Amino acid sequence: MFRFELLHEDPSGARLGRLHTPHGTIDTPCYMPVGTQASVKAVTQRDLREMDAQIILANTYHLAMRPGEELIRRAGGLHRFMNWERPILTDSGGFQVFSLAGLRKVEEDGVTFQSHIDGTRHFFTPERAIAIENALGADIIMAFDECSPYPCDEARAQAAAERTHRWAARCKSAHTREDQALFGIVQGAFYPRLRRESAKALTDMEFPGYGIGGLSVGEPKAVMYEMLPIVTDLLPREKPRYLMGVGSPDCLLEGALRGVDMFDCVLATRVARNGTALTGRGRLVVRNAAHAEDYLPLDEGCGCYACQNYSRAYIRHLFKAEEILALHLISIHNLHFLLALMKDARAAIAQDRFAAFKADFFAQYGTDGLGKF
RNA sequence: UCCUCAGUAGCUCAAUGGCAGAGCACUCGGCUGUUAACCGAGUUGUUGUAGGUUCGAGCCCUACCUGAGGAG
């Protein structure tokens, strides 16, 4: 049921592909909006359909804590529960174990941690994570991994990567639904040797797709860009690669250039709620006083609902007045911006002009992939 | 006309006679597999006015100004 078609490779190294899932197809490279708790914050599923989002994310850890995977199973699965008939990908909760710094203990069998909601103690294992993901019913599910921090010494990074491999094998054994594609996750922190070993170990397990994890955890972008080709060169060409948690406009293009097919990121929706719009000319902090009487749309030439109907001055007013509509409008714009950017990127790849497309984008965006000229 | 109370940052208010502060507002910065409509930083003063006491006054004394309440 799950199939990846590699349609074309641009001279730059960027790939054009198509993912087939039980709930529809996804053109790659793609940006996936994040709906951690079965909701992409501040927008409706109708908004997501209108901006042509082909797939969204949800999170295993959050949904297991609340409302609980059994409730969602009884509700008919995640798609039906949240009224999203297109593909869904669930993250395993491995990253939450890493980011919820509060009481947690990582052992070979699994991870003991406290819920950030009510402090109750829980034990997640690879088997438990997969059981939850099976209950939720997403089209693509992620293996339960151990994400290393930055910086991280080599011995610790190696231990985490090797444990991630053993857990990946356990996830594969525990996985029961053939209509869900289970992706393994490459770790290895910032050590080329560990990244290569991780890519190889997971490739040997033959997953239908591969996540690249443990990046964008505080390291300089140059370091992330250095790690990417080391991994993508070793992963099987005909399988999709998903760079987890990455999604600033510049990183999307730099990632695609290095052979990444899928991205997800909370950045677009988070900065939106904090008053910043992503535009072709860089980030626009629309909450700033400079826009009090700025009657241009957030991004000139943008076709999104917010830009077609409202000015920066109005949206800034809404933001300063703490009107919830501000968060809705900027979120719609930012998501639309990244989805449209990837659509344009795909068109460029199809015509073998991705390198020029990227150069043109950065010339307008006012930065290179490292965040400055 | 008299009595009482109160005047401190844009607002609401702190500050045993000993470096004039907080919250909010405002300004700016940050945000990358969401513990985030969040976090951080910064600007703002003839302490109502004029005198006096004191080594030193936002604070004590005098007069005046303004506001609120009360009496007539």
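Quantities reported herein were computed from a predicted structural model and do not represent experimental measurements. All chains are named by letter (A, B, ...) in the order of the sequence lines, taking the proteins before the strands, and each is independently numbered beginning at 1.
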Suppose we define a pair by two distances each less than 3.5 Å, Watson-Crick or G-U wobble; what does B:U49 pair with here? B:A63
Integer-rounded Å distance: B:A25 P and A:H317 NE2: 15 Å
Have a look at A:K41 and say if it touches a base, only the backbone sugar-phosphate, or nothing, with a 4.0 Å heavy-atom cut-off. base
Tell me the interatomic distance from A:Q37, atom CD, to B:A37, atom P, rounded to whole angstroms. 10 Å
Considering just the side-chain nitrogens and oxygens of A:Q96, establish if one lies under 4.0 Å of OP1 or OP2 belonging to B:G33. no
Which part of the nucleic acid, if any, lies within contact of A:R316, taking any heavy atom under 4.0 Å across all strands shown: a base, the sugar-phosphate backbone alone, or nothing? sugar-phosphate
Going by the angle between their ring planes, with limits at 30° and 60°, are A:W167 and A:F144 parallel, tilted or perpendicular? parallel
Considering Watson-Crick and G-U wobble pairs with both distances under 3.5 Å, what does B:C26 pair with? B:G42
With heavy atoms under 4.0 Å as the rule, sort A:G214 into base, sugar-phosphate or nothing. base
Would you say the ring centroid of A:H317 lies under 6.0 angstrom from that of A:H291? no
Heavy atoms from C-beta onward define the side chain here; which of B:G30, B:G33, B:U34 lies closest to that of A:L57? B:G33
Going by purine N1 to pyrimidine N3 plus the second Watson-Crick contact, or the G-U wobble pair, all under 3.5 Å, which nucleotide sits opposite B:A57? none
Nearest-angstrom distance, P atom, B:C31 to B:G40: 16 Å
Report the C-alpha separation of A:E226 and A:R258 in whole Å, then their side-chain angles, then the decisive distance to 0.1 Å, and conclude whether the salt bridge (Lys or Arg N to Asp or Glu O under 4.0 Å) test is met. CA-CA 10 Å; A:E226 188 190 331; A:R258 290 164 175 78; over 6 Å; no
A:F319 CZ - B:A25 P separation (whole Å): 12 Å
What interatomic distance, in whole Å, is found between P of B:A25 and the corresponding atom of B:C64? 42 Å
For A:I117, answer base if it contacts any base atom (sugar-phosphate contacts may also be present), sugar-phosphate if it contacts only those atoms, and nothing otherwise; contact means non-hydrogen atoms under 4.0 Å. nothing
For B:U32, does either OP1 or OP2 sit under 4.0 Å from a side-chain N or O belonging to A:K221? no
Taking the P atom of each, how far is B:G48 from B:C26, in whole Å? 27 Å
Considering every strand shown, what is the Watson-Crick or G-U wobble mate of B:A37 when both distances are under 3.5 Å? none
Using the C1' atom in both, what is the distance from B:A50 to B:A68, to the nearest Å? 24 Å
Under-4.0 Å side-chain N/O to phosphate OP1/OP2 contact, A:R273 with B:C31: no
Please report the distance separating the P of B:G29 from the corresponding atom of B:G33, rounded so that it comes out in whole Å. 22 Å
Provide the distance between the two C1' atoms, one in B:A15 and one in B:U8, to the nearest whole Å. 10 Å
Has A:S99 got a side-chain N or O lying under 4.0 Å from the OP1 or OP2 atom of B:U35? yes
Quick check: on RNA chain B, is the nucleotide nearest A:T36 upstream (toward 5') of the one nearest A:R287, or the reverse? Name the residue that is more 5'. A:R287
Given the rule in the side chain to side chain donor-acceptor pair (under 3.5 Å) test, do A:Y242 and A:D264 qualify, once you have shown the distances and angles that lead to the verdict? CA-CA 8 Å; A:Y242 159 33; A:D264 81 283; 2.7 Å; yes
Between B:U32 and A:R270, is there an OP1 or OP2 to side-chain N/O distance shorter than 4.0 Å? yes
Rounding to a whole Å, what distance do you find between A:E322:CD and B:A37:P? 12 Å
Paired with B:C31 by Watson-Crick or G-U wobble geometry, both distances under 3.5 Å: which nucleotide is it? none
How far does the P atom of B:A20 sit from the matching atom of B:A57, given to the nearest Å? 11 Å
A:F354 and A:H8: aromatic ring centres closer than 6.0 Å? no
Fit a plane to each ring of A:F361 and A:F337, take the angle between them on a 0 to 90° scale, and name the class: parallel (under 30°), tilted (30 to 60°) or perpendicular (over 60°). tilted
Testing A:V186, A:T164, A:I185 one by one against A:S198 for a side chain to side chain contact (heavy atoms under 4.5 Å, CB included), which residue passes? A:V186
Describe, in one word, how the ring planes of A:F124 and A:F113 are oriented to each other, choosing from parallel (under 30°), tilted (30 to 60°) and perpendicular (over 60°). perpendicular
Have a look at A:T269 and say if it touches a base, only the backbone sugar-phosphate, or nothing, with a 4.0 Å heavy-atom cut-off. base
To the nearest Å, give me how far apart CZ (A:R104) and C1' (B:U35) are. 13 Å
Figure out the CD1/C1' separation between A:I56 and B:U34, and round it to whole Å. 14 Å
Please compare A:I324 and A:G93 by the position of their nearest nucleotide in RNA chain B and report the one closer to 5'. A:G93
A:N288 vs B:G29: side-chain N/O to OP1/OP2 distance below 4.0 Å: yes
Candidate nucleotides B:G33, B:A36, B:C26, ranked by approach to the side chain of A:D264 - the nearest: B:G33
Using a 4.0 Å heavy-atom cut-off, does A:E323 contact any base of the nucleic acid, only the sugar-phosphate backbone, or nothing at all? nothing
Watson-Crick or G-U wobble partner for B:U4, using a 3.5 Å limit on both distances? B:A68
Taking atom C1' of B:G33 as reference, at what distance in whole Å does atom CG of A:L63 sit? 14 Å
From CZ of A:F95 over to P of B:U32, roughly how many Å is that when rounded to an integer? 8 Å
Counting the atoms with a prime plus P, OP1 and OP2 as sugar-phosphate, which does A:N59 contact under 4.0 Å by heavy atoms, base, sugar-phosphate, or nothing? sugar-phosphate
Quantified in whole Å, what is the P atom distance between nucleotide B:C60 and nucleotide B:G23? 27 Å
